[in-house]
> 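To start, I am sharing the structure in question, which I have written as structure tokens.
Heavy atoms only: backbone and side chains are in, while hydrogens, waters and symmetry mates are out. What you see is a predicted model; the values in this text were computed from it and never measured. FYI, the numbering just counts along the sequence from 1.
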Amino acid sequence: MARLKFGAFLAPHHPIGEHPMLQFRRDLDFVEQLDALGYDEFWCGEHHSSGWETIASPEMFLAAAGERTKRIKLGTGVISLPYHHPFNVAQRMVQLDHMTGGRAIFGSGPGALASDAHTLGIDPMTQRDRQDEAIAVIRRLFNGERVTAKTDWFEMHDAALQILPLQEDMPFVVASQISPSGMTLAGKYGIGIISLGSMSTQGLMALPQQWRFAEDAAKKAGTTVSRANWRVLLSWHIAETREQARREAGAGLMRWHNEYNVGTLMRPGLTAFGSADEAVDKTAFVEGAASTIGTPDDLIKMIKNLVDVSGGVGSIIGFAHDWANPENTRRSWDMVARYVVPEINGYIDGLRKSRQFVIDNRAVFERAGQAVMAKIMQNDKAAAALQHTGTGRVAIPAVNAPDLAKEAAKQKA
């Protein structure tokens, strides 16, 4: 299996009650932690209502994150294109790319919250078509073209970017949920995908069909799509034991589900949980669960299953949430980096093989111990001292050490 990339997706989903300024600072601390731990990508979204989702400008947030980080890629997850003039979006993404040293990923969507579109007076029936129109124009601008265009929602007259992206080919990524529109756009333009609907059981099982939508659209448009550019979202909270993970995440998960998904968004088909244990059980411990609340081994199993079900993806993106308190949340992401990523990508396979080789070939290495003993016995004083030498008193790597206790017993006999 090709190595997977790993990242985080911060919508954000923060419970109402904390000072927004401190939330922003904590979110920036989180990106800095991910960068230090070796995660590949960080994504943040654009929202203008709902109370829980507070980042209105992902470009502004990511520019600040770029100053705190060194290597992690920074993706807009996503810019809602129908809300903006495409030329302004192109300008901001170019500036972000330069300010982050060529680490920007341009992620776009039609807009996720109906309340945002209502605020801006946008007809929801037009949003997906407008995203398509905007992507086409922004790609031309990034290619250095001078564009004249007129639609029912924007105009351009001889528009050209003064500065092109720092990256020769800035990654384009579209968000996809359950409908085929995102995957179809990805196929049409031959660009990347971030699947956000996979956090539900239905979304996870729909991944193979979703990929077929992209392939069919690519075939029709004469483009190609690559699974290496397919990112899939998963949610998790990881601790040393399942019991600990349950204790840490239960109350926050229940609040997120009851207050936001049910109470605020009123997502169809959802009902409130009656207890923290019920929240954990129905989220992570039912057949086909798409979330992991448990140990690194549990998440490893989940990721391997996702890869099998989907047929292969390029990146696993973890959904950032406040199910646990900040300290335990940071430790969860640390454990994923320390134990899950290397297990999935085979970074420690060589260490296990090396250890087993030493175990399996112990007889070969006995000669090293014999060589050490021969030198000891060639020196009268060293041979005499051997009678008083016990195991562990000599700083010789164990693989090369003779059995000093056994040899000392021989000398005393």
Side-chain angles (χ1 to χ4, degrees), residues 4-15 18-48 52-80 89-108 163 165-167 170-173 175 192 194 196 231 233-238 252 315-342:
L4 292 177
K5 293 181 179 179
F6 283 80
F9 184 95
L10 179 77
H13 283 193
H14 291 317
E18 184 178 343
H19 196 310
M21 177 190 72
L22 299 180
Q23 282 183 339
F24 289 138
R25 290 182 177 177
R26 181 157 55 86
D27 289 340
L28 288 170
D29 291 342
F30 176 57
V31 189
E32 195 170 1
Q33 179 198 12
L34 296 177
D35 185 57
L37 289 173
Y39 283 90
D40 300 287
E41 298 177 355
F42 171 82
W43 298 76
C44 71
E46 172 194 356
H47 302 92
H48 306 282
W52 280 58
E53 305 193 55
T54 53
I55 293 177
S57 172
E59 307 98 317
M60 187 179 293
F61 184 91
L62 294 175
E67 291 299 299
R68 290 198 183 200
T69 56
K70 298 177 181 178
R71 55 169 297 280
I72 195 168
K73 296 280 188 178
L74 302 168
T76 55
V78 295
I79 296 174
S80 300
V89 174
Q91 288 272 59
R92 293 197 301 267
M93 287 306 304
V94 167
Q95 181 163 334
L96 178 63
D97 200 38
H98 280 267
M99 291 181 68
T100 59
R103 290 187 281 145
I105 303 174
F106 175 38
S108 73
I163 306 172
L166 183 59
Q167 300 176 79
M170 184 192 296
F172 273 62
V173 177
I194 181 166
L196 306 181
R231 298 159 175 87
L233 195 67
L234 286 179
S235 57
W236 61 66
H237 179 73
I238 302 303
S315 303
I316 299 296
I317 307 297
F319 175 62
H321 50 69
D322 288 344
W323 296 353
N325 65 34
E327 294 74 22
N328 291 332
T329 297
R330 288 178 64 89
R331 190 161 53 82
S332 171
W333 287 89
D334 179 81
M335 292 187 71
V336 173
R338 290 167 62 193
Y339 302 115
V340 177
V341 174

> Just so I know, are the side chains of Val78 and Leu196 near enough to count as touching, which here means a heavy-atom distance under 4.5 Å?
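With C-beta onward as the side chain, the pair stays apart.
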
> Looking at OG of Ser57 and NE2 of His47, how far apart are the two atoms once the value is rounded to the nearest 0.5 Å?
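NE2 of His47 is found 13.0 Å from OG of Ser57.
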
> Does a side-chain heavy-atom distance below 4.5 Å link Pro12 with Thr54?
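Answer yes - side chains close enough.
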
> Does the side chain of Met335 reach to within under 4.5 Å of the side chain of Val340, using non-hydrogen atoms?
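No. Closest side-chain heavy atoms not under 4.5 Å.
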
> Just how far is it from atom CZ of Arg92 to atom CD1 of Ile79, taken to the nearest 0.5 Å?
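The CD1 atom of Ile79 is 6.0 Å from CZ of Arg92, to the nearest 0.5 Å.
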
> Could you tell me whether the side chain of Arg231 and the main chain of Ile317 form a donor-acceptor pair under 3.5 Å?
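It does not hold such a pair.
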
> Taking all non-hydrogen atoms of both residues into account, name the closest pair between His98 and Pro165 and its distance.
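Minimum heavy-atom separation between His98 and Pro165: NE2-C, 3.8 Å.
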
> Got a second to check how far Ser332's OG is from Trp323's CH2, nearest 0.5 Å?
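Going from the OG atom of Ser332 to the CH2 atom of Trp323 covers 10.0 Å.
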
> Could you tell me whether the side chain of Thr100 and the main chain of Leu96 form a donor-acceptor pair under 3.5 Å?
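Side chain of Thr100 to backbone of Leu96, a donor-acceptor pair under 3.5 Å: yes, one is there.
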
> Check whether Thr76 reaches the backbone of Gly107 with its side chain - one donor and one acceptor, N or O, closer than 3.5 Å.
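Flag set: sc Thr76 to bb Gly107 pair under 3.5 Å.
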
> Less than 4.5 Å apart, any side-chain heavy atom of Phe319 and any of His13?
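They are in contact (side-chain heavy atoms under 4.5 Å apart), so the answer is yes.
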
> Tell me whether Asp97 contacts the main-chain N or O of Leu166 through its side chain, where contact means a donor paired with an acceptor under 3.5 Å.
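Present.
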
> Identify the two heavy atoms, one from Ala11 and one from Glu53, that lie closest to each other, and give their separation to 0.1 Å.
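Reported closest heavy-atom pair: CB-OE1, 3.5 Å.
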
> Kindly determine whether Leu37 and Val336 satisfy side chain to side chain contact (heavy atoms under 4.5 Å, CB included), including the steps that lead there.
CA-CA 9 Å; Leu37 289 173; Val336 173; over 6 Å; no

> Side chains of Phe172 and Ile105: does their closest heavy-atom pair fall under 4.5 Å?
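With C-beta onward as the side chain, the pair stays apart.
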
> Provide the closest heavy-atom pair for Leu74 versus Leu62 in the form atom of the first, atom of the second, distance.
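Heavy atoms only, the tightest pair is CD1-O, 3.7 Å.
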
> Can you tell whether the side chains of Arg26 and Asp322 come within less than 4.0 Å, N to carboxylate O?
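Looking at Asp322 together with Arg26, the answer is yes, because their closest N to O distance falls below 4.0 Å.
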
> If we only count heavy atoms from C-beta on, is the Phe24 to Leu28 side-chain gap below 4.5 Å?
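They are not in side-chain contact.
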
> For Tyr339, I'd like to know if atom OH has over 12 heavy atoms of other residues, nucleotides or ligands within 6.0 Å.
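No, OH of Tyr339 has 12 or fewer neighbouring heavy atoms, counting only those of other groups under 6.0 Å.
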
> If I compare all heavy atoms of Pro58 with all of Cys44, which pair ends up nearest, and what's the gap?
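The pair with the smallest heavy-atom distance is CB-O, 3.5 Å.
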
> Specify the closest pair of heavy atoms between Thr329 and Ala324, including all atoms of both residues, with the distance to one decimal.
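Smallest interatomic distance, heavy atoms only, reads OG1-O, 3.2 Å.
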
> Answer yes if the side chains of Thr69 and Arg103 hold a donor-acceptor pair under 3.5 Å, and no otherwise.
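The criterion, which ignores hydrogens and geometry beyond distance, is satisfied for Arg103 and Thr69.
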
> For the residue pair Trp333 and Trp236, is the inter-centroid distance of their aromatic rings smaller than 6.0 Å?
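Ring centroids of Trp333 and Trp236 are less than 6.0 Å from each other.
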
> Output yes when Asp29 and Arg25 qualify as a salt bridge under the 4.0 Å nitrogen-oxygen rule, no when they do not.
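Result for this pair is no, no salt bridge flagged.
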
> As a quick check of understanding, evaluate ring pair (Phe, Tyr, Trp, His ring centres under 6.0 Å) for Tyr39 and Phe6, giving each step before the final call.
CA-CA 6 Å; Tyr39 283 90; Phe6 283 80; 7.1 Å; no

> Could you walk me through whether Asp334 and Arg330 pass the salt bridge (Lys or Arg N to Asp or Glu O under 4.0 Å) check?
CA-CA 6 Å; Asp334 179 81; Arg330 288 178 64 89; over 6 Å; no

> Just by distance, do the side chain of Glu46 and the backbone of Gly77 share a donor-acceptor pair under 3.5 Å?
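Judged by distance alone, no pair lies under 3.5 Å.
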
> Which heavy atom in Met93 sits nearest to a heavy atom in Ala104, and how many Å separate them?
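For Met93 and Ala104, the tightest heavy-atom pair comes out as CE-CB, 4.2 Å.
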
> Taking the side chain as every heavy atom from C-beta outward, state whether Lys70 and Asp35 have any atom pair closer than 4.5 Å.
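Heavy-atom side-chain distance check passes, below 4.5 Å.
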
> Going by an N to O cut-off under 4.0 Å, is there a salt bridge joining Arg71 and Asp40?
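Result for this pair is yes, salt bridge flagged.
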
> So do the side chains of Pro15 and Trp52 get within less than 4.5 Å of each other, counting heavy atoms only?
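When only atoms from C-beta onward are counted, Trp52 and Pro15 do touch, with a gap below 4.5 Å.
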
> When you check the side-chain N and O atoms of Asp27 and His14, is any donor under 3.5 Å from an acceptor?
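A donor-acceptor contact under 3.5 Å links the two side chains.
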
> Is it true that Lys73 and Glu41 have a side-chain N and a carboxylate O under 4.0 angstrom from each other?
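No salt bridge links Lys73 with Glu41.
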
> For Gln95, is the CD atom crowded, meaning more than 12 foreign heavy atoms sit under 6.0 Å from it?
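Check fails, neighbour count at 12 or below.
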
